[in-house]
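Letters A, B, ... mirror the listed sequences (proteins, then strands); counts begin at 1. Quick note: numbers below take in every heavy atom, side chains included, and nothing from hydrogens, waters or symmetry partners.
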Amino acid sequence: MTDKKPKNVFQDGAISSEFIGNSIYKHQTKTSIGAHNIFLGQVRADVIEGKTVAAIEYTAYEAMANTKFHDIRETAFEKFELTCMHIYHSLGTVKAGEICLFVFVSSPRRKVVFEALEFIVEAIKADVPVFGKEIFEDESHQWKVNS
Amino acid sequence: MLITIKYFGQIAEATQTQEEQLDLPQHSIGDLLTVLYSKYSALQLKDFKIAQNQKLVGLDTLLTGEDIALLPPFSGG
């Protein structure tokens, strides 16, 4: 069983641990799954020239981003034997220590989910037009660059 | 040809606007860029990609009248 219908990827603000826990819980009915793998992106309190990042404010070209997320899903289902996959990304303000990206892949067997998760996360970082503005504690900002 | 141009992230900061419509006689993305560089000199220092109808395009691509977006480096996740 695949899970290919379009998803609402963007969430307003941080992704809560309750939401993540509930997502895991919902998969208990899908008993062909033998392995899940989860990536959680967390906002880091980087210190840059003596100033500490307090939050990241995310914006996106939403229409293109949703198309890209969809393409990544389709490619991942073609490349890997996945039972299902879910991607959630924050928009708006996410404070340091909070979760801004949640990727969840499931398969009958474990090896697939390790490879699939890395492929998906790297594709999101490279191909999806999302922009992070790092807000410092003194309310100045700089634009985040993915390394 | 009336074209909608969308600006994102630090590009929107440089142009001080998120979206505008320009009536352009020009034919290519490169021609459009020449117009934008003269309108917003701050853009010349910025790194960005250009999408037309949500697909990344090069300078030689012809304008179709569909939406254009100026996209700074992606930094999701």
Quiz item: Atom CG of B:Asn53 and atom CE of A:Met64: how far apart are they, to the nearest 0.5 Å?
Solution: 10.5 Å
Quiz item: Between A:Asn146, A:Ile99, A:Leu101, which has the largest tally of heavy atom pairs under 4.5 Å with chain B?
Solution: A:Asn146
Quiz item: Do B:Glu13 and A:His141 meet the criterion of a side-chain donor-acceptor pair at a distance under 3.5 Å?
Solution: yes
Quiz item: Should the heavy atoms of other residues, nucleotides or ligands under 6.0 Å from CD of B:Glu66 be counted, would the total exceed 12?
Solution: yes
Exercise. Inspect the surroundings of CD in B:Gln44 and state if more than 12 heavy atoms from other residues, nucleotides or ligands are less than 6.0 Å away.
Key: yes
Quiz prompt | Atom CD of B:Glu19: over 12 foreign heavy atoms under 6.0 Å | solution = yes
Self-check item: Hydrophobic cluster identity match, B:Tyr7 and A:Val128, side-chain contacts under 4.5 Å
Solution: no
Quiz prompt | Crowding at NZ, A:Lys51 (>12 non-hydrogen neighbours, <6.0 Å) | solution = yes
Quiz item: Quick one: do B:Leu43 and B:Ile3 end up in the same hydrophobic cluster if we chain Ile, Leu, Val, Met, Phe, Trp and Tyr together by side-chain heavy atoms under 4.5 Å apart?
Solution: yes
Self-check item: Residue B:Asp60 excluded, over 12 heavy atoms near CG under 6.0 Å
Solution: no
Quiz item: So which bits of residues 69-77 of chain B come within less than 4.5 Å of chain A, counting non-hydrogen atoms only?
Solution: B:Ala69, B:Leu71, B:Pro72, B:Pro73, B:Phe74, B:Ser75, B:Gly76, B:Gly77
Quiz prompt | Structural part of A:Ala65 lying under 4.5 Å from a heavy atom of chain B | solution = neither
Quiz item: Are any of the side-chain heavy atoms of A:Tyr61 and B:Gln54 separated by less than 4.5 Å?
Solution: yes
Quiz item: Around atom CD of B:Gln21, are there more than 12 heavy atoms of other residues, nucleotides or ligands at under 6.0 Å?
Solution: yes
